[in-house]
Amino acid sequence: MKIRSVLSALALVLGALFAPGFGVLSTATDAQAATKITHATATSMFRSSGITWSSSGGCSDRNNPTCTSFDQLNLDSAKGAQTLRSASGCGLNITGGTETGHASGTYSHWNGYKLDFGKATCVTNYVKNTFTYIGVRGDGAPQWQSGAGNVYADEGNHWDVTFYNCGGC
């Protein structure tokens, strides 16, 4: 009987130690902790900040690569776009969101961490004159990092921005 009690207690302790975001031996990652928002919530936030968006297909279906969707966007990514708009004073047009068709990975468009912004002189000058150049990405895109840690990659015709946080909101 004592062995069963000891094994039960051990199982409870080990369960607590390895529970995601709870135990001593594991922690919740940023990817697990992100607050997701709907397309409607994101567009309301963007509209209130004067941020526009467009898609080559004129749609917002997350499962269609020609659309621009914000379904399952991280709240911090939406706030990061608002921070960029207010800090830079530049007009912003989002051309890519959480829709399928982008590269995969933990910090991807699909997982709500990235937004694409149309290329404009104001945005380009702001990024290059305000943030720190950190070298080229594996695909050759030059990158700049904000003081908050967000990464801006120049993909030629647009800025691919990874929002790890809201950018100091």
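Quantities reported herein were computed from a predicted structural model and do not represent experimental measurements.
Taking NZ of Lys114 as the start and OG of Ser108 as the end, the distance is 8.0 Å to the nearest 0.5 Å. To the nearest 0.5 Å, atom NE2 of residue His102 and atom CH2 of residue Trp110 are 10.5 Å apart. In this structure, the separation between CG on Leu84 and SG on Cys166 is 12.5 Å, given to the nearest 0.5 Å. Rounding to the nearest 0.5 angstrom, the gap separating the CD1 atom in Ile94 from the CZ atom in Phe117 is 5.0 Å. Atoms OG1 and NZ, from Thr35 and Lys79 in turn, are 8.0 Å apart once rounded to the nearest 0.5 Å. With rounding to the nearest 0.5 angstrom, the CG atom of Asn63 is 7.0 Å from the OG1 atom of Thr100.
Between Lys119 and the options Asn157, Thr124, Asp154, a side chain to side chain donor-acceptor pair (under 3.5 Å) holds for only Asp154. Residue Thr98 is tested with His109, Arg62, Gln72 for a side chain to side chain donor-acceptor pair (under 3.5 Å); the sole match is Arg62.
When all heavy atoms of Ala81 and Leu115 are compared, the closest pair comes out as CB-CD1, 4.0 Å. Minimum heavy-atom separation, Asn74 to Ala34: OD1-CB, 3.4 Å. Residue Gly97 comes nearest to Thr68 through the heavy atom pair N-CG2, 4.0 Å, listed as atom of the first residue, atom of the second, then distance. Taking all atoms of both residues into account, the shortest heavy-atom contact from Ala148 to Gly168 is CB-N, 4.4 Å. In terms of heavy-atom proximity, Ser48 sits nearest to Gln82 at OG-NE2, 3.8 Å.
Ion pair Asp71/Lys36 not flagged as a salt bridge, since none of the NZ, NE, NH1 or NH2 atoms sits closer than 4.0 Å to an Asp/Glu carboxylate oxygen.
Sorted by first and then second residue, the side-chain hydrogen bond (donor to acceptor under 3.5 Å, both in side chains) pairs with a member in residues 84-96 read Thr52-Asn93, Ser54-Asn93; sequence neighbours excluded.
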side-chain hydrogen bond (donor to acceptor under 3.5 Å, both in side chains) between Ser60 and Trp53, worked out: CA-CA 10 Å; Ser60 62; Trp53 58 94; over 6 Å; no
Would Tyr113 and Phe163 count as a side chain to side chain contact (heavy atoms under 4.5 Å, CB included) if you check the C-alpha gap in whole Å, the side-chain angles of each, and the deciding distance to 0.1 Å? CA-CA 5 Å; Tyr113 287 91; Phe163 291 102; 5.8 Å; no
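Side-chain contact check for Met45 versus Ile37: some heavy-atom pair is nearer than 4.5 Å. Inter-residue side-chain proximity for Gln143 and Tyr133 is flagged as unmet; no heavy-atom pair is nearer than 4.5 Å. Residues Arg137 and Val151 are not in side-chain contact: their nearest non-hydrogen atoms beyond the backbone lie 4.5 Å or more apart.
The six-membered or imidazole ring of Tyr164 lies near that of Tyr107, with a centre-to-centre distance under 6.0 Å.
Ring pair Tyr152/Phe131 is tilted by interplanar angle, where 30° to 60° counts as tilted.
In this structure, a donor-acceptor pair under 3.5 Å is absent between the side chains of Gln145 and Thr132.
Listed by chain and residue number, Thr38 satisfy the side chain to side chain donor-acceptor pair (under 3.5 Å) test with Thr41 (two or more places apart in sequence, or in another chain). When the side chain to side chain donor-acceptor pair (under 3.5 Å) test is applied to Asn64, the partners found at least two apart in sequence or on another chain are Thr66.
For the pair Glu155 (side chain) and Asp160 (backbone), a donor-acceptor distance under 3.5 Å is absent. Of the possible donor and acceptor atoms, one in the side chain of Thr43 sits under 3.5 Å from a partner among the backbone N and O of Ala40. With Thr130 contributing its side chain and Tyr126 its backbone, the two residues share a donor-acceptor pair below 3.5 Å. A donor-acceptor contact shorter than 3.5 Å is absent between the side chain of Asp61 and the backbone of Cys67.
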